[in-house]
Protein chains: 2
Amino acid sequence: MLSGPSAMDLSFRGLFDPSLDASATPIIHTSPPEQSLILCRPPKILEEGEMTEDNPEVYLESNDLWTQFHKYGTEMVITKSGRRLFPPLKARCTGMDRNAKYIFLMDIVTADDCRYKFHKSRWMVAGKADPEMPKRMSIHPDSPATGEQWMSKVVNFHKLKLTNNISDKHGFTILNSMHKYQPRFHIVKAHDILKLPFSTFRTYVFCETEFIAVTAYQNDKITQLKIDNNPFAKGFRETGNRRREKRHVFH
Amino acid sequence: MLSGPSAMDLSFRGLFDPSLDASATPIIHTSPPEQSLILCRPPKILEEGEMTEDNPEVYLESNDLWTQFHKYGTEMVITKSGRRLFPPLKARCTGMDRNAKYIFLMDIVTADDCRYKFHKSRWMVAGKADPEMPKRMSIHPDSPATGEQWMSKVVNFHKLKLTNNISDKHGFTILNSMHKYQPRFHIVKAHDILKLPFSTFRTYVFCETEFIAVTAYQNDKITQLKIDNNPFAKGFRETGNRRREKRHVFH
DNA sequence: GAGCTTCTCACCTAGGTGATAAAA
DNA sequence: CTTTTTATCACCTAGGTGAGAAGC
């Protein structure tokens, strides 16, 4: 039967941590997954009846856009107040047991142990990586849900935000500027979030989502791709109505 | 132990109904609560150490504003696309067992069996009530959570929307225009949403939140209170910058 | 007419963009 | 000096308001 809650349960779940903003993605702190299945390939079109049960596969949504960024070296801005990723991290699933329950998670881990600098229009290694903050695991808020439910929609982690503020209390993912990172998806077959630490993770990695964290964009090609594709940056497009009148000079 | 999901479980929970908009408040359909505790009184200030365990009390947040509206006869606009309530339905809790888990719910039920009309600046009975759609029960999305977690914050149902569209697929609450309704809060001590239909409800009713559903405001006093207090209506305040230039005439 | 509903509008709130200047 | 970070801005997206015209 379900046992009563304990301090351990709650700190693990992180779902109701009162120090966190209610609108933030629920978070947990986990040990590394016990078992990993690494995938990095283009989506496969499924034939009718090809669906196999309990062999979950994950496809990166809009991977063509991710690939355009990856070609130049994707950069993600991190700010004190938190910044979303662009392109957004979205996944589609197949191969789940339609009736079983799964928990969908993601995290962002260091891609290597280097510090980088952008020099002469190129990213170059600039020494050993700085110490990292403990990484957070983000549970998709719809978790747990059945395979049927996960497979019927695009799984979107748009609420996840990046920050360089090591004292962040919003539950954002804390990264080091000028360091390279790799987002990952995880699927756990589990009825209950409390059972997560004792469950087997399947991990899905898409190389084209690798990025370098920056406090200001370094590569103009990346800036232009962001402006051209992010709806919130429409004001900076050539076709936009942006008035380029003289700017107010700060004190 | 936790049993596998069934069609019955899922239709009851409604949490992952794919026909519903993902951003809408999760809904369930329930039978009437087995047991009700009716409360309607001003908030009480708790002394240190006065907290008793597992005797949950609920207080209406900003009940002074609700009372201002109630004095004139609160009206809530209902539209096809869905309209929020104003003032917002917010609650504070005390007296919960800090370590036990609770589910927080609300619904809106008919206040009487009358149809109303606004005639000569007064609400008057205008016959028997029309047939009602089955009422939805809204689970607060943080459910289930511990007493500690519920008591540490204001519980807000701002995502709930009202509609007169009987074919609504967003999970909004469907009401009849010109009929009187009463919102209610419910607290259930339960670890698991699946156990809800077999659990005992405590129900909390605040008379000052009673309202008549309308498609357009009838009482100018209510309109003015909405304009003066709802931030989204700031454009209609006298102090606002609203240009009252000539209006476009629709074809 | 009179009563009620629907649609579009200007005007807001709320918050996600890169540019830019200034600070570190 | 160079490099990186921070704060503020105009400009967007997204969506919640009542007003008012039009529809029923």
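In what follows, every chain begins at residue 1, and chains take the letters A, B, ... in the order their sequences are listed. Fair warning: this is a prediction, and the values are worked out from it, not measured in the lab.
Between the P atom of D:dT3 and the NE2 atom of A:H119 lies a distance of 7 Å, rounded to the nearest Å. If you take NZ of B:K120 and C1' of C:dA2, they are 14 Å apart, rounded to a whole angstrom. Taking atom NE2 on A:H158 and atom C1' on C:dA14, their separation rounds to 14 Å, with Å as the unit. Here the C1' atom of nucleotide C:dG16 and the CG atom of A:N156 are 14 Å apart, to the nearest Å. Atoms CD (A:E238) and C1' (D:dC11) sit 14 Å apart, rounded to a whole Å. Atoms CZ (A:F236) and P (C:dG18) sit 8 Å apart, rounded to a whole Å. As a whole-Å value, the separation of B:K117 NZ from C:dG3 P is 8 Å. Note: CG (A:L160) to C1' (C:dG16) measures 15 Å, nearest angstrom.
When the ring-ring contact (aromatic ring centres under 6.0 Å, His included) test is applied to B:W150, the partners found at least two apart in sequence or on another chain are B:F104, B:H140. Partners of B:D113 by salt bridge (Lys or Arg N to Asp or Glu O under 4.0 Å), not counting sequence neighbours, listed by chain and number: B:K128. Checked against ring-ring contact (aromatic ring centres under 6.0 Å, His included), A:F232 has no partners two or more places apart in sequence or in another chain. Every residue meeting the side-chain hydrogen bond (donor to acceptor under 3.5 Å, both in side chains) condition with A:N176, not counting sequence neighbours, appears here in chain and number order: A:E132. Every ring-ring contact (aromatic ring centres under 6.0 Å, His included) that B:F118 has, sequence neighbours left out, goes to B:W123.
Closest to the side chain of B:P231, out of C:dT13, C:dT6, D:dT4, is C:dT13. Ranking D:dA19, D:dT13, C:dT17 by closeness to the A:A233 side chain, first place goes to C:dT17. Side-chain proximity of B:K161 to the nucleotides D:dT13, D:dG16, D:dT17 is greatest for D:dG16.
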Requested in this report: Given side-chain hydrogen bond (donor to acceptor under 3.5 Å, both in side chains), test A:T74 with A:E210 step by step and report yes or no.
Outcome: CA-CA 7 Å; A:T74 309; A:E210 174 191 80; over 6 Å; no

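A salt bridge links B:K153 with B:D142: the distance from a Lys NZ or Arg NE/NH1/NH2 to an Asp or Glu carboxylate oxygen falls below 4.0 Å.
Identified under the ring-ring contact (aromatic ring centres under 6.0 Å, His included) test for residues 68-91 of chain A, with sequence neighbours left out: none. Sorted by first and then second residue, the pairs that involve residues 59-79 of chain A and meet salt bridge (Lys or Arg N to Asp or Glu O under 4.0 Å), not counting sequence neighbours, are A:E61-A:R92.
DNA chain D lies under 4.0 Å from at least one heavy atom of each of the following residues of residues 74-85 of chain B: B:R83, B:R84. Taking a 4.0 Å limit (strictly below) on heavy-atom distances, residues 214-229 of chain B reaches DNA chain C at B:T215, B:A216.
Comparing B:F118 and B:F232 along DNA chain C, the residue whose closest nucleotide (by nearest heavy atom) sits nearer the 5' end is B:F118.
Between A:N230 and D:dT13 there is no side-chain polar atom (N or O) within less than 4.0 angstrom of OP1 or OP2.
In this structure, D:dT2 forms no base pair with any nucleotide, since neither Watson-Crick nor G-U wobble geometry is met with both distances under 3.5 Å.
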